[in-house]
There are 2 protein chains.
Amino acid sequence: METVTDNQKDRMAKKLEKMFGHIDYRHPPELCPVRDVMSTASDQWSTLILLWLGYFPVLRFNKLKKFVYGISNKVLSQRLKVLEADGYIVRKAYAEVPIRVEYRLSEFGRSYVERLLELTEWMQQNSPKVLANREKYGLN
Amino acid sequence: METVTDNQKDRMAKKLEKMFGHIDYRHPPELCPVRDVMSTASDQWSTLILLWLGYFPVLRFNKLKKFVYGISNKVLSQRLKVLEADGYIVRKAYAEVPIRVEYRLSEFGRSYVERLLELTEWMQQNSPKVLANREKYGLN
DNA sequence: TTCATAAGGTTACTTTTAGTAACTTACTCT
DNA sequence: AGAGTAAGTTACTAAAAGTAACCTTATGAA
């Protein structure tokens, strides 16, 4: 990321605001709501975690790890923290031994997952086309 | 990623197939259409590129670079190649000097961007909530 | 005649992020 | 006493992304 002065940012924001009325994903990250939201929750692992939590009302750490096939403890743990901090999921720990921790979507998270599902449905329907394009292009 | 045998993969695929009827984002990457599609086109930079191309029917390299604020030549070039290979965008080069190259969405790409827009609209509408959650959580 | 500029990249190098595998904790069951 | 368990953490390595300089081919200016 380049460094820019606040002045430059202001001018850019105003200019873009004028050009485009209704949606913002074109400012530097610090001034762009869409980029800001994307930066924490739109990576692949987070997406898979959220989708799984959309299927099961509640999942525990190790179960989640099985479903989100291939994720490591470290990354799962990191992503869960961020998703919790941003309010998509809720973590509930029980003082048992061994400890039991439950993760579930918040209302907010559920509303996000609904949109996400539309996207993944598209992906599922269109994946053959992507594969065909890729093959044709030769980059396999 | 762990390494698994084909046999293991088969068994897993069948088991999951049985549990869930209609959507696939839960297999290992090599057998999961959703994960496969996501892996090339759902990163943040690609998303921003596609969204911009959804706004402007045609954009040239340097223009695109200005809009996708903060992207480097290297990454822009890489992402454009992959998006082209997967069939989302079309590249057209003119033998002028200096060379002129135009990028635009394919029909296919446009259909993807339509879904993407629904997601980013949600993000824009809900970004204040995300920020509020983040603040409350204290992870700033 | 040499220099600067232009568009659309590429290359070598550094920094950041992600992945891997071993370890931790605290209690219970054998 | 030793093994097992859930939910992580930690140290280390590999991969990806960011940075800045460079390339090409031609035109127009100094």
Side-chain angles (χ1 to χ4, degrees), chain A residues 1-4 28-30 35-36 38-49 52-53 56 58-85 89-104 139, chain B residues 1-4 28-30 32 35 38-49 52-53 56 58-86 89-104 137 139:
Chain A
M1 291 286 146
E2 300 160 44
T3 51
V4 279
E30 326 81 81
R35 286 176 73 158
D36 190 38
M38 265 206 285
S39 72
T40 57
S42 302
D43 62 296
Q44 242 190 103
W45 290 129
S46 298
T47 301
L48 290 169
I49 291 168
W52 276 110
L53 287 171
F56 293 102
V58 49
L59 282 171
R60 296 168 62 178
F61 190 89
N62 281 309
K63 200 97 186 197
L64 203 40
K65 197 188 159 190
K66 281 201 189 81
F67 285 123
V68 182
Y69 188 86
I71 199 169
S72 67
N73 284 7
K74 184 185 126 189
V75 173
L76 178 53
S77 161
Q78 280 175 348
R79 298 284 101 214
L80 286 170
K81 271 179 197 156
V82 172
L83 291 173
E84 192 193 358
I89 65 175
V90 176
R91 179 185 186 275
K92 210 175 191 172
Y94 296 86
E96 302 174 0
V97 169
I99 191 173
R100 180 163 59 98
V101 180
E102 294 181 345
Y103 292 96
R104 65 191 79 216
L139 268 183
Chain B
M1 293 285 146
E2 299 159 45
T3 51
V4 279
E30 326 81 80
C32 172
R35 286 177 72 160
M38 266 207 283
S39 71
T40 56
S42 302
D43 62 295
Q44 241 190 106
W45 289 130
S46 298
T47 301
L48 290 170
I49 292 168
W52 276 111
L53 287 172
F56 293 102
V58 50
L59 282 171
R60 296 168 62 179
F61 190 91
N62 281 307
K63 200 96 187 203
L64 204 40
K65 198 188 158 189
K66 281 200 188 81
F67 286 124
V68 183
Y69 188 85
I71 199 170
S72 67
N73 285 7
K74 186 185 124 187
V75 173
L76 178 52
S77 160
Q78 281 175 348
R79 298 283 101 215
L80 285 172
K81 271 180 198 157
V82 172
L83 291 173
E84 193 194 357
D86 279 12
I89 64 174
V90 176
R91 179 185 187 276
K92 210 176 192 171
Y94 297 85
E96 302 173 1
V97 169
I99 190 172
R100 180 161 60 99
V101 179
E102 294 180 345
Y103 292 96
R104 63 192 79 216
Y137 195 83
L139 267 184

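Naming: A, B, ... by sequence-line order, numbering from 1 per chain.
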Task: Under-4.0 Å side-chain N/O to phosphate OP1/OP2 contact, A/R91 with D/dG8 - done: yes

Task: Interatomic distance where CD belongs to B/Q78 and P belongs to C/dT11 [whole Å] - done: 11 Å

TODO: Determine the minimum heavy-atom distance between A/V58 and A/R104, stating which atoms define it.
DONE: CG2-NH2, 3.7 Å

Task: N/O (side chain, A/S77) to phosphate O (OP1/OP2, D/dT9) under 4.0 Å - done: yes

Task: Below 4.0 Å: OP1/OP2 of D/dA6 and any side-chain N or O of A/R60 - done: no

TODO: Report yes if a side-chain nitrogen or oxygen of B/N62 is closer than 4.0 Å to either non-bridging phosphate oxygen (OP1 or OP2) of C/dG8; otherwise report no.
DONE: yes

Open item on the list: Need to verify one output field. Residue with the more 5' nearest nucleotide on DNA chain D, A/L80 or A/V97?
Closed with: A/V97

Task: Under 3.5 Å: donor-acceptor pair, side chain of A/R79, backbone of A/D43 - done: no

- [ ] Measure across A/L59 and A/W52 and return the closest heavy-atom pair with its distance rounded to 0.1 Å.
- [x] CD1-O, 3.9 Å

Task: Spacing of A/R79 atom CZ relative to D/dG8 atom C1', expressed in whole Å - done: 16 Å

TODO: Indicate whether OP1 or OP2 belonging to D/dA7 is found under 4.0 Å from a side-chain N or O atom of A/R100.
DONE: no

Task: Polar side chain donor-acceptor pair, A/E102 to A/Y94, under 3.5 angstrom - done: yes

Task: Atom pair distance, as rounded to whole Å: CD1 in A/I71 and P in C/dG19 - done: 8 Å

Open item on the list: In this structure, how many angstroms lie between the C1' atom of D/dT5 and the CZ atom of A/F61, rounded?
Closed with: 14 Å

Open item on the list: If you compare every side-chain N and O of B/K81 against the phosphate oxygens of C/dG8 (OP1, OP2), does one of them come in below 4.0 Å?
Closed with: no

Open item on the list: Under 4.0 Å, counting only non-hydrogen atoms across every strand here, what does A/Y103 touch: a base, just sugar-phosphate, or nothing?
Closed with: sugar-phosphate

